[in-house]
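To start, the structure itself, in structure tokens.
Numbers here are sequence positions counted from 1. Because only heavy atoms are used, hydrogens play no part in the values below, and waters and symmetry mates are left out as well, while side chains stay in.
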Amino acid sequence: MTLSPGAAHRPVSIAALGECMLELQGQAFGQLRQTFGGDTLNTAVYLARCGGPALRVHYATALGDDSLSGGMLDRWAAEGLQTGLVQRLPGRLPGLYLIELDAGGERRFHYWRGQAAARSYFETASTALEEQADALDALYLSGISLAILPPSGRERVLALMARMRAAGKLVAFDNNYRPRLWESVADARYWYGRAFATASVALITADDHQALHGLPSLEAAVSAAQALPVEEVAIKRGALPTLIGGDAVWQEVATEPVARVVDTTAAGDSFAAGYLSQRLRGAAAAEAAAFGNRLAARVIQHPGALIPRDAMQDLLA
């Protein structure tokens, strides 16, 4: 599935739905660096960087009316994100998480997000995202986007996905699976199954799919992902080639070798951005996956979810 900017009088428009939190990086009781991050926000920022003027990227979430929320909004706008779909909720705060890194660049997360404003995005009778959906060309969300919402909010997200897909728009679902966010594995499987049935593009991290379905091996997870009822599927397998396909036709797309992994934060988020930015421009799926792999390889060579723009400027050129 592709969307061409071809109606070239306007850029292609995509909304990413989810949660952004305050991020602390470092060692507990040591020096900490403050920034912000969240899976779909990371993807939105990289989408804006990769898409340039041909792509208008909106971020849909809820924040508080505090100075930290305001500071995040200012920084998102500086990254080129459209913030008109953000709701400000009086008296609420954004979530917070701490990333600790080991010597190999792998992460350990600590979260404070139970009362985060983003969980209440759909508590109003109507949201800006739902009201403006007809003007969008694409929607992107993840398993985390669903997990943080109450069931009533998930129902509204699925209805929005179905409505946009019926209108011929691209609807991408990323399987980011975090068990601690779900009441049970059965609950997660139920909502993931409905999301896959509604999406037109599935972005799959194979080990997350393996964990969600309790599969015995990565190979079994890949086979299960290839059987999903989605017309376009991208399956990420770490350093192994990415699988791209649908309708029983599959291609392998090599990943980019990396001499030293510094931080794997946002590897999948940046792949999603690279992939979707190219698909929305009309590139073939394999070409889009190759670009997504190049971007992810660059991101994991730097600390933090959002690397400096100049560290990826050559890719944008």
Side-chain angles (χ1 to χ4, degrees), residues 1-3 12-20 38-44 47 55-62 82 84-87 118-178 181-182 187-205 208-209 212 225 227-235 246-247 268-269 272-273 275-277 279-280 285:
M1 166 168 291
T2 61
L3 290 175
V12 171
S13 184
I14 181 172
L17 168 67
E19 176 186 29
C20 182
D39 65 333
T40 55
L41 185 280
N42 301 335
T43 297
L47 267 168
L55 188 62
R56 185 179 293 269
V57 183
H58 303 258
Y59 194 59
T61 192
Q82 308 297 311
L85 303 183
V86 176
Q87 296 194 120
R119 294 175 176 264
S120 300
Y121 187 74
F122 287 95
E123 287 185 2
T124 57
S126 182
T127 65
L129 175 60
E130 293 165 303
E131 292 165 2
Q132 299 180 35
D134 291 343
L136 297 170
D137 298 297
L139 175 68
Y140 170 79
L141 69 151
S142 74
I144 295 175
S145 306
L146 290 180
I148 65 168
L149 295 172
S152 59
R154 295 172 194 162
E155 291 288 359
R156 284 171 64 177
V157 171
L158 289 165
L160 177 63
M161 293 171 69
R163 169 182 153 198
M164 292 184 67
R165 186 176 179 186
K169 302 172 189 289
L170 185 151
V171 178
F173 179 68
D174 195 315
N175 78 324
N176 285 354
Y177 173 55
R178 303 295 180 265
L181 295 179
W182 293 94
D187 192 42
R189 289 174 183 169
Y190 169 76
W191 290 104
Y192 270 70
R194 291 184 61 186
F196 285 132
T198 313
S200 58
V201 176
L203 301 170
I204 304 296
T205 299
D208 279 4
H209 205 62
L212 173 63
L228 287 170
V230 187
E231 60 192 88
E232 181 173 318
V233 182
I235 305 173
D247 298 326
D269 307 335
Y275 185 82
L276 292 174
S277 71
R279 291 297 274 147
L280 290 168

Would you check if there is a donor-acceptor pair between the side chains of [Y] and [X] at a distance under 3.5 Å?
X	Y	answer
D137	S13	no
N176	D39	yes
T40	Y59	yes

Problem set entry | Pairs flagged by salt bridge (charged side-chain N to carboxylate O under 4.0 Å, His left out) wherever residues 139-152 is involved - sequence neighbours left out | none
Problem set entry | Stepwise side chain to side chain donor-acceptor pair (under 3.5 Å) test for T205 and Y177 | CA-CA 9 Å; T205 299; Y177 173 55; over 6 Å; no
Side-chain ([X]) to main-chain ([Y]) donor-acceptor, under 3.5 angstrom:
X	Y	value
T198	L158	no
Q87	Y121	yes
S120	E123	no

List the atom of [X], the atom of [Y], and the distance in Å for their closest heavy-atom pair.
X	Y	value
A118	I148	CB-CD1, 4.0 Å
A197	P229	CA-CG, 4.4 Å
I235	A225	CD1-CB, 3.7 Å
L212	A188	CD1-CB, 3.8 Å
L85	A15	CD1-CB, 4.0 Å
V230	A202	CG1-N, 3.6 Å

Seminar exercise, completed: Checking R154, E155, R189 against R194 for side chain to side chain contact (heavy atoms under 4.5 Å, CB included), the one that qualifies is E155
Quick one: does [X]'s side chain get under 4.5 Å of [Y]'s, heavy atoms only?
X	Y	result
L17	L129	yes
V157	L141	yes
L203	N175	no
L47	Y275	no

Exercise. Measuring from L146:CG to I144:CD1, what's the distance to the nearest 0.5 Å?
Worked result: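 L146 CG to I144 CD1: 10.5 Å, rounded to 0.5 Å.
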Seminar exercise, completed: Rounding to 0.5 Å, atoms OH (Y190) and CH2 (W182) come to a distance of 11.0 Å
For this session: Decide side-chain contact (heavy atoms from CB on, under 4.5 Å) for L41 and D269; before the verdict, give the C-alpha distance in whole Å, the side-chain angles of both, and the deciding distance to 0.1 Å.
Result: CA-CA 9 Å; L41 185 280; D269 307 335; over 6 Å; no
Problem set entry | side-chain hydrogen bond (donor to acceptor under 3.5 Å, both in side chains) involving Q82 - partner list, sequence neighbours excluded |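 By the side-chain hydrogen bond (donor to acceptor under 3.5 Å, both in side chains) rule, Q82 matches R56.
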Exercise. Is it true that R119 and E19 make a salt bridge, defined as a side-chain N closer than 4.0 Å to a carboxylate O?
Worked result: no
Exercise. Passes side chain to side chain donor-acceptor pair (under 3.5 Å), T127 versus E130? Steps please.
Worked result: CA-CA 5 Å; T127 65; E130 293 165 303; 2.9 Å; yes
Exercise. Can you check salt bridge (Lys or Arg N to Asp or Glu O under 4.0 Å) on E231 and R165, steps first, answer last?
Worked result: CA-CA 12 Å; E231 60 192 88; R165 186 176 179 186; 3.0 Å; yes
Exercise. Does the side-chain contact (heavy atoms from CB on, under 4.5 Å) test come out yes or no for L170 and L276, once each step is laid out?
Worked result: CA-CA 10 Å; L170 185 151; L276 292 174; 4.2 Å; yes
Problem set entry | Evaluation steps, salt bridge (Lys or Arg N to Asp or Glu O under 4.0 Å), between D134 and K169 | CA-CA 9 Å; D134 291 343; K169 302 172 189 289; 5.8 Å; no
Exercise. So, do Y192 and F173 have ring centers that fall under 6.0 Å from each other?
Worked result: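 Between F173 and Y192, which both carry aromatic rings, the centre distance is below 6.0 Å.
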